[in-house]
Structure formats: C-alpha cells, structure tokens
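Quick notes on the structure that follows.
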Amino acid sequence: QVQLVESGGGLVQAGDSLRLSCVVSGRTFSSTAIGWFRQAPGNDREFVASISWSGGITHYTDSVKGRFTISRDNAESTVYLQMNRLKPEDTAVYYCAGRRGTVAMVTSPQYDYWGQGTQVTVSS
C-alpha cells in the first residue's frame with residue numbers, strides 16, 4: 001500500500017517562506033512522479049507543481065512560477081516544495097500526490113495516491 005505523508009505547513013506572514021515535505025512509502029519511489037496540489041475553502045483542488053521520476057522535468061502553475069520550487073531526493077523517498085514570497089492567496093490545504101508512472105502530470109485525475117494534506121495559512 002502506497003502512503004504519502006506531508007509535513008511543513010503552518011501559519012506565516014506574507015513574504016515569508018515555508019518548505020513542505022512529502023515522504024512516500026510502499027512503492028518504488030524513484031519510478032513515481034509526484035505532484036503538489038492545493039485546495040482553498042470553497043474552491044476546487046488545483047495543481048501547483050509536479051516533478052518527474054528523475055527530477056529532470058518540472059511543471060508549475062503560473063501563479064507560483066518564480067516563487068515555488070519542487071525538488072526530490074530519491075535516496076530519502078521525499079519530495080519538497082519550497083515556497084518563497086508567500087501571499088495570502090496561497091492559503092490552502094496542500095496535498096502531495098503520486099502516480100503509477102514516471103512522467104509528471106498537471107491534473108489530479110492522473111494521480112493515483114494522495115496524502116492527507118497540510119495546512120498553509122498566509123496572513124497579510
């Protein structure tokens with residue numbers, strides 16, 4: 001059984017940084033593409049960033065380009081989301097997702113496994 005566990009969320013002020021972590025177990029991590037999604041109250045879940053199995057290909061939604069960086073450490077079975085210059089509109093529950101494939105995708109139906117989420121709140 002594949003498990004994804006997120007951590008690193010919290011309450012910060014606008015302009016601050018946070019680093020989210022996602023630890024994956026139960027599947028060969030190095031062959032699993034990973035994505036980060038977020039959901040704010042009243043909104044649909046939206047794509048944030050994704051990374052291929054090798055880490056060589058990444059995708060970002062336009063609103064986070066230049067501020068967020070996704071990376072992975074295959075030796076530690078962990079994916080990170082470094083979030084800089086946070087804005088109040090980044091406030092959401094952030095979810096880590098894995099897929100049975102090596103290619104990074106940008107829509108939630110393409111992911112097979114989901115974590116429980118971690119709350120990020122950015123105050124103005």
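Side chains included, hydrogens not; waters and symmetry mates left out as well; all remaining heavy atoms used.
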Donor-acceptor pair, distance only, cut-off 3.5 Å: does the side chain of Arg85 make one with the backbone of Gly66? yes
Applying disulfide bond (SG atoms under 2.5 Å apart) as the test, list every pair that has at least one member in residues 29-66; sequence neighbours left out. none
Correct closest heavy-atom pair for Ala49 and Leu81 would be CB-CD1, 4.2 Å
With sequence neighbours excluded, what pairs up with Thr121 under the side-chain hydrogen bond (donor to acceptor under 3.5 Å, both in side chains) test? Gln119
Residue pairs passing the disulfide bond (SG atoms under 2.5 Å apart) test where at least one lies in residues 71-124, sequence neighbours excluded: Cys22-Cys96
Would you please name every residue forming a side chain to side chain contact (heavy atoms under 4.5 Å, CB included) with Ser124, sequence neighbours left out? Pro88
Please list all pairs meeting ring pair (Phe, Tyr, Trp, His ring centres under 6.0 Å) that have one or both residues in residues 37-74, counting only residues at least two apart or in different chains. Phe37-Phe47, Phe37-Tyr111, Phe37-Trp114
Do Gln39 side-chain atoms and Ala92 backbone N/O form a donor-acceptor pair below 3.5 Å? no
Return the minimal non-hydrogen interatomic distance between Val106 and Ser50, and the atom names on each side. CG1-OG, 4.3 Å
So, the side chain of Arg72 versus the backbone of Gly55: is there a donor-acceptor pair under 3.5 Å, distance only? no
Donor-acceptor pairs under 3.5 angstrom involving side-chain atoms of residues 9-18: please list them, not counting sequence neighbours.
| unit_1 | atom_1 | unit_2 | atom_2 | d |
| --- | --- | --- | --- | --- |
| Asp16 | OD2 | Gln13 | N | 3.1 |
| Ser17 | OG | Asn84 | OD1 | 2.9 |

For Asp73, which residues count as a salt bridge (Lys or Arg N to Asp or Glu O under 4.0 Å) partner, sequence neighbours excluded? none
Under a side-chain separation threshold of 4.5 Å, the hydrophobic residues clustered together with Val23 are none
Do Val79 and Trp36 come close enough that some side-chain heavy atom pair is under 4.5 Å? yes
Restricting to salt bridge (Lys or Arg N to Asp or Glu O under 4.0 Å), what partner residues turn up for Arg100, sequence neighbours left out? Asp112
For Lys65, the salt bridge (Lys or Arg N to Asp or Glu O under 4.0 Å) test, sequence neighbours excluded, returns Asp62
How long is the span from the CD atom in Gln82 to the CD1 atom in Ile70, to the nearest 0.5 Å? 12.0 Å
Strictly by disulfide bond (SG atoms under 2.5 Å apart), give each pair with a member in residues 43-78 just once, sequence neighbours left out. none
Test of understanding: with salt bridge (Lys or Arg N to Asp or Glu O under 4.0 Å), list the residues that count as partners of Arg38, not counting sequence neighbours. Glu46, Asp90
Looking at every heavy atom in both Gly115 and Tyr95, which two are closest together, and how far apart are they? O-CD2, 3.6 Å
For residues Glu6 and Leu20, determine if any side-chain heavy atom of one lies less than 4.5 Å from a side-chain heavy atom of the other. no
